[in-house]
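To start, the structure under review is shown below, and the notes come after it.
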Amino acid sequence: IEGRRRVHALGLWHCAVHVWLYDSQGRVYVQRRGAGKDINAGCWDVSVGEHLQPGETYPEAARRGLQEELRVIDAIPNAVGGVRRVCLDRPDQGIHDHELQRAFHAVHPGPMQPDPKELAELRLVTRAELRAWLAADPEAFTPGCRNDLAVLGLLGDGG
């Protein structure tokens, strides 16, 4: 089995990053996962999500993800909170996703050039729009995205 699928099938703990990318006005980019993704296909998610490669640090993975998924090379990811243990088990799908996850915040004014092989759609929304969307349709979002928003306080009270 290929690396990522093997890790998820066997429930191996692995390191991952979530990057929340904002524009200069404080709006946040959310991505819709492609239909071919093995987990949460078609759901809305964090701006960028990546598994770490061997020998890679969390900040390096965050920068690599920004470049690979959105073609952003000049944003500086800043850690939000510490490393968290996050589990998503879906035995019916043969998925046991156990991550040592670190979240990051970065700012980039745009424009974006998303890689269509990595994501289906990229949307820029205000924090208020995201709060309302999440309240109205929580299942449209990945569990990881919902967890980040609940735990890390990224939506705040403004915009």
Side-chain angles (χ1 to χ4, degrees), residues 4 7-8 11 13-52 56-72 75-90 93 95-112 114-115 118-159:
R4 177 184 162 88
V7 164
H8 289 160
W13 283 96
H14 56 285
C15 298
V17 295
H18 283 178
V19 182
W20 289 90
L21 187 64
Y22 295 80
D23 73 357
S24 53
Q25 297 173 350
R27 297 175 295 185
V28 62
Y29 290 94
V30 291
Q31 69 156 279
R32 188 166 55 84
R33 295 173 60 80
K37 293 288 186 179
D38 60 336
I39 299 176
N40 302 310
C43 289
W44 289 93
D45 203 357
V46 302
S47 310
V48 170
E50 287 291 331
H51 284 187
L52 272 67
E56 190 173 45
T57 65
Y58 285 102
E60 289 168 345
R63 286 190 296 275
R64 177 177 53 79
L66 284 164
Q67 184 173 356
E68 288 178 0
E69 294 187 16
L70 302 179
R71 305 291 187 247
V72 170
I76 300 168
N78 296 294
V80 179
V83 175
R84 298 174 292 141
R85 294 171 86 82
V86 179
C87 296
L88 172 63
D89 287 310
R90 295 198 173 149
Q93 298 175 24
I95 294 171
H96 306 281
D97 191 10
H98 299 167
E99 294 183 344
L100 299 171
Q101 190 182 92
R102 184 111 203 228
F104 290 84
H105 167 279
V107 176
H108 187 270
M112 300 293 144
D115 182 345
E118 293 286 340
L119 57 128
E121 185 178 348
L122 186 67
R123 190 175 291 178
L124 183 61
V125 295
T126 66
R127 290 176 296 179
E129 289 168 337
L130 185 52
R131 279 193 304 272
W133 185 9
L134 187 63
D137 192 7
E139 294 303 311
F141 296 86
T142 68
C145 178
R146 292 192 312 259
N147 183 293
D148 275 13
L149 294 172
V151 172
L152 298 174
L154 297 169
L155 291 178
D157 292 331

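Hydrogens, waters and symmetry mates are skipped; everything else that's a heavy atom, side chains included, is used.
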Inset, instruction - Report the C-alpha separation of Glu50 and Arg64 in whole Å, then their side-chain angles, then the decisive distance to 0.1 Å, and conclude whether the side-chain contact (heavy atoms from CB on, under 4.5 Å) test is met. - result: CA-CA 8 Å; Glu50 287 291 331; Arg64 177 177 53 79; 2.9 Å; yes

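- Put simply, the side chain of Glu129 gets close to the backbone of Thr126: a donor and an acceptor are under 3.5 Å apart.
- Here the side chains of Val19 and Val46 are not in contact, with every heavy-atom distance at 4.5 Å or above.
- When atom types are taken as modelled, the side chain of Thr142 and the backbone of Cys43 share no donor-acceptor pair closer than 3.5 angstrom.
- Looking only at side-chain heavy atoms (C-beta outward), Val83 and Tyr58 come within less than 4.5 Å of each other.
- Residues Gln67 and Val72 have side chains not in contact (no heavy-atom distance under 4.5 Å, counting atoms from C-beta outward).
- Comment: Arg32 does not engage Asp45 in a salt bridge, judged by the lack of any side-chain N to carboxylate O separation of less than 4.0 angstrom.
- Put simply, the side chain of Glu60 gets close to the backbone of Thr57: a donor and an acceptor are under 3.5 Å apart.
- Put simply, the side chain of Met112 does not reach to within 4.5 Å of the side chain of Arg71, judged on heavy atoms.
- Taking the six-membered ring where the residue is Trp, the centroids of Tyr22 and His105 are separated by under 6.0 Å.
- For the pair Glu121 and Arg123, the salt-bridge criterion is met [side-chain N within less than 4.0 Å of a carboxylate O].
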Inset, instruction - Start with the C-alpha gap between Val80 and Phe104, add the side-chain angles, then the distance that decides, and say whether side-chain contact (heavy atoms from CB on, under 4.5 Å) holds. - result: CA-CA 5 Å; Val80 179; Phe104 290 84; 5.6 Å; no

Legend entry - side-chain contact (heavy atoms from CB on, under 4.5 Å) between Leu130 and Leu149, worked out: CA-CA 10 Å; Leu130 185 52; Leu149 294 172; 4.2 Å; yes

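- Pro59 and Pro77 make their closest contact through O-CG, 4.3 Å (heavy atoms, listed as atom of the first residue, atom of the second, distance).
- Between Asp148 and Arg84 there is a salt bridge, since at least one side-chain N of the basic residue sits less than 4.0 Å from a carboxylate O of the acidic one.
- Paired with Leu124 under the rule side chain to side chain contact (heavy atoms under 4.5 Å, CB included), one option of Val30, Asp23, Leu21 passes, and it is Asp23.
- Nearest heavy-atom pair across Leu119 and Gln31 is CB-OE1, 3.2 Å.
- Here the side chains of Arg146 and Leu134 are in contact, with some heavy-atom distance below 4.5 Å.
- Note that CG of Leu122 is 7.5 Å distant from OG of Ser47, once rounded to the nearest 0.5 Å.
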Inset, instruction - List the steps, then state whether side-chain contact (heavy atoms from CB on, under 4.5 Å) holds for Val107 with Trp20. - result: CA-CA 9 Å; Val107 176; Trp20 289 90; over 6 Å; no

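- Nearest approach of Arg33 to Ala120, heavy atoms of both residues: O-CB, 3.9 Å.
- Atom-to-atom distance recorded for Leu152:CG and Asn147:CG is 7.5 Å, nearest 0.5 angstrom.
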